[in-house]
Amino acid sequence: MSHRVVITGAGTINALGHDVPATLEAMREGRCGIGPLDIRDVDRLAVKIGGQVTGYDEHAHFNRQQISLYDRFTQFTLLAAREALGQAGLSFSGDMADRSGVVLGTSGGGLNTQDENYRAVYEEGKNRVHPFIVPKLMNNAAASHVSMEWNLRGPSFTVATACASSNHAMGQAYQMIRSGMADVMITGGSESMLCFGGVKAWEGLRVMSKDACRPFSATRNGMVQGEGAGIFVFERLDHAKKRGAEILAEVAGFAMSSDASDIVMPSKQGAARAIAGALRDGGIDRGQVGYINAHGTGTAANDKTECAAVADVFGAQADKLMLSSTKSMHGHLIGGTGAVELLACIMALRDGVIAPTIGYEEFDPECALDVVPNEAREARVEVALSNAFAFGGLNAVLALKKAP
Amino acid sequence: MSDAIADKVIAIIAEQAMLEPSDVKSEHTLEDLGIDSLGLVESIFAIEEAFDISVPFNANDPSASDFDISSVRSIIDAVAKLVKDQS
C-alpha cells in the first residue's frame with residue numbers, strides 16, 4: 001500500500017525573515033541575511049559573520065517558564081511550527097492524534113545551552129546549574145515540545161546527520177505517511193549553533209569564509225553559518241483533499257546514500273547515487289526536473305563535487321536545469337538547512353520564481369551549470385529537487401512536484 | 001633557533017604521517033608523506049599550539065594563503081617567519 005504525500009503547511013524563522021512570506025520575498029529580491037555576528041566574545045573569534053536571526057526577542061513569544069525549557073533551537077522550531085500548523089488548519093485529537101507525529105532534524109541541538117552552562121561551570125567556576133539543563137539541551141527537545149503543544153501522539157523522533165539532518169528527517173516523515181504508518185507528520189529541522197563555542201569549533205576546520213558565502217563562484221572561499229528553523233506539515237493526499245486543505249506541493253521522491261569514504265571530503269558518486277535514487281523513487285524523468293536547490297555550501301570541495309554529480313546524473317539535461325544555493329542568503333543552517341531550503345523549491349513550483357545564488361562574481365569551469373547568479377528568475381517548474389550532503393558522507397535528496 | 005623550529009615542525013609532521021622524524025625530509029611534500037587535507041588542518045593546529053602563533057590558512061584555497069605548504073621546507077620557513085614576526 002503506497003499513499004501519496006503532500007505539504008499543507010510551511011513555517012520558518014531564519015536570517016531572511018521571521019516567517020515564510022518574508023523569507024520568500026527576500027529570496028525573490030536576492031537579499032543577503034548574512035552580517036556581523038552579535039554574540040558574546042565575538043572579539044575572540046576569527047570568523048565574525050553569520051546568518052543570524054535578528055530583531056528577535058524570546059520574551060515576545062514565550063513566558064519565563066517556557067524559556068527555562070526552550071533552547072533557541074527549540075524556540076525557532078515552535079515558532080515555525082505555529083506558522084505551519086496555522087496554515088494547515090489542523091488540530092489533533094483521538095485517532096488522528098495517535099496517527100500523527102513529529103520527525104525533526106538538528107545537528108547541534110541545544111548547543112547554546114551547553115555553551116552557556118559549560119561557561120558557567122568551567123570559566124565562572126560555578127558548582128550549580130539550572131535544573132532543566134538536560135531537557136533543554138537534548139537533541140529531541142524540539143520534537144518533544146512540538147508533540148506536546150499540538151498533541152501529536154504517534155511516532156516522533158529526531159534525526160542527526162549533520163548538514164543533511166532535515167532532509168533525512170523529512171524523508172522519514174514522507175516514508176511514514178507513504179507506508180500508512182501515519183496520516184500527518186510535522187517535519188523539517190532547526191539549528192542554532194551561533195554561539196562562541198559553536199563558531200569556534202567550525203573555525204578549527206578552516207573551511208569558513210570571513211567575508212561572504214559565494215557558492216559556485218570561482219572566488220568562493222568557504223561557508224558561512226546560519227541559524228533558524230523550517231517546519232512543514234506533511235499529509236496524506238486523500239486526507240488533505242477530504243478536508244479541502246490548500247496543497248503547497250507534493251513530496252514525490254526521496255533517496256539516501258552513504259559515501260562510505262571520508263569523514264569530511266564529499267564524494268561525487270555518493271551524491272549522484274542519492275540524486276538518481278530520488279528520481280527513481282518518484283518515477284521522475286530527468287527531463288521533468290527544472291530546479292535543484294543545491295547543497296551549495298560555498299566551499300571549494302562541495303560545489304565542484306556537487307556540480308559534477310548533477311552533470312553525471314542528468315547528462316545533457318544538466319544544461320537545461322537551474323541549480324541555485326540559497327545558503328548565499330541565509331547561510332548554512334547545518335541540521336536545519338534542508339528545511340529552510342525546501343521553501344525555495346516550493347516557491348519554484350508554486351510561484352514560478354527561482355531563488356538566486358547571490359554573491360556570484362566569477363565563472364568557475366568546475367561549476368559550469370546554470371546557477372541562477374545574483375538575480376531571481378521566473379520559470380515554470382514541474383519538479384524540484386533539494387540536495388543535502390553531510391559531513392560523514394551521508395546524503396539525502398528530496399523530490400517535490402507541483403501540487404496535484 | 002631555526003634548527004629548533006625545524007625539529008619541532010618535523011616532529012609534528014612525522015607524528016601526523018605516522019613516521020619517524022628521521023624519515024621526514026625537507027624536500028618531501030605532504031602528499032609524499034601521505035598527509036591529506038584533514039591531516040594538514042590538524043598539523044597546522046599542532047603548529048599553532050606548539051609555537052603559540054596564528055597560521056593564516058584557509059582549506060578552501062590553500063594556494064591563496066600566505067602560508068606556503070608546498071613542502072616540509074616551505075612549512076618550516078613559513079613557521080620561522082611567523083615566529084620571528086611575532087617576537
Side-chain angles (χ1 to χ4, degrees), chain A residues 43-49 162 199-225 259 261-267 295-307 325 327-328 332 359 361-362 364-367 391-393, chain B residues 5 8-9 11-19 29-72 74-87:
Chain A
D43 51 310
R44 285 178 56 208
L45 292 169
V47 171
K48 294 181 165 62
I49 59 167
V199 178
K200 186 52 87 180
W202 276 98
E203 266 183 30
L205 267 171
R206 294 173 190 262
V207 295
M208 305 278 284
S209 170
K210 291 177 186 175
D211 48 17
C213 177
R214 303 182 194 87
F216 309 116
S217 176
T219 55
R220 68 187 181 276
N221 62 359
M223 53 174 276
V224 175
Q225 267 202 74
D259 297 344
S261 59
D262 191 281
I263 197 70
V264 290
M265 288 306 283
S267 138
H295 192 54
T297 56
T299 61
N302 175 81
D303 294 2
K304 67 177 180 194
T305 308
E306 182 166 14
C307 287
S325 170
K327 286 187 179 75
S328 55
H332 190 339
E361 296 172 332
E362 198 180 306
D364 177 356
E366 289 195 288
C367 302
F391 271 179
Chain B
I5 289 175
K8 220 168 181 177
V9 169
I12 289 167
I13 291 173
E15 193 186 358
Q16 193 67 44
M18 291 184 287
L19 294 170
T29 67
L30 295 178
E31 203 182 351
D32 293 337
L33 299 167
I35 295 178
D36 64 6
S37 61
L38 209 57
L40 169 61
V41 170
E42 226 180 337
S43 303
I44 287 174
F45 168 70
I47 286 168
E48 288 181 325
E49 290 285 286
F51 295 99
D52 193 21
I53 54 174
S54 181
V55 175
F57 176 79
N58 181 340
N60 285 291
D61 196 357
S63 57
S65 307
D66 290 336
F67 194 78
D68 182 357
I69 54 155
S70 53
S71 69
V72 172
S74 75
I75 293 173
I76 292 169
D77 291 346
V79 171
K81 184 173 182 302
L82 286 169
V83 170
K84 184 164 163 269
D85 290 351
Q86 194 194 37
S87 58

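Chain A is the first sequence line, chain B the second, and so forth, proteins listed ahead of strands; every chain is numbered from 1.
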Other residues, nucleotides, ligands: >12 heavy atoms within 6.0 Å of B:E31 CD = no
Between OG1 on residue A:T219 and CG on residue B:N60, distance to nearest 0.5 Å = 11.5 Å
CZ (B:F51) with more than 12 external heavy atoms under 6.0 Å = yes
In terms of heavy-atom proximity below 4.5 Å to chain B, should A:M265 be classed as side chain, backbone, both, or neither?
-> side chain
Top contributor to chain B contacts, counting heavy-atom pairs under 4.5 Å, from A:S209, A:G222, A:G204 | A:G222
Side chain B:N58, main chain A:N221, donor-acceptor under 3.5 Å = yes
Which atoms of A:V207 approach chain B - backbone, side chain, both or neither, heavy atom under 4.5 Å | both
Drop me the distance from A:D262's CG to B:S37's OG, to the nearest 0.5 angstrom.
-> 6.5 Å
Would you find more than 12 non-hydrogen atoms of other residues, nucleotides or ligands less than 6.0 Å from B:E15 atom CD?
-> no
Residue part contacting chain A, namely of B:E42, when any heavy atom lies under 4.5 Å | neither
Interchain contact, B:S54 with chain A, by part (heavy-atom threshold 4.5 Å) = neither
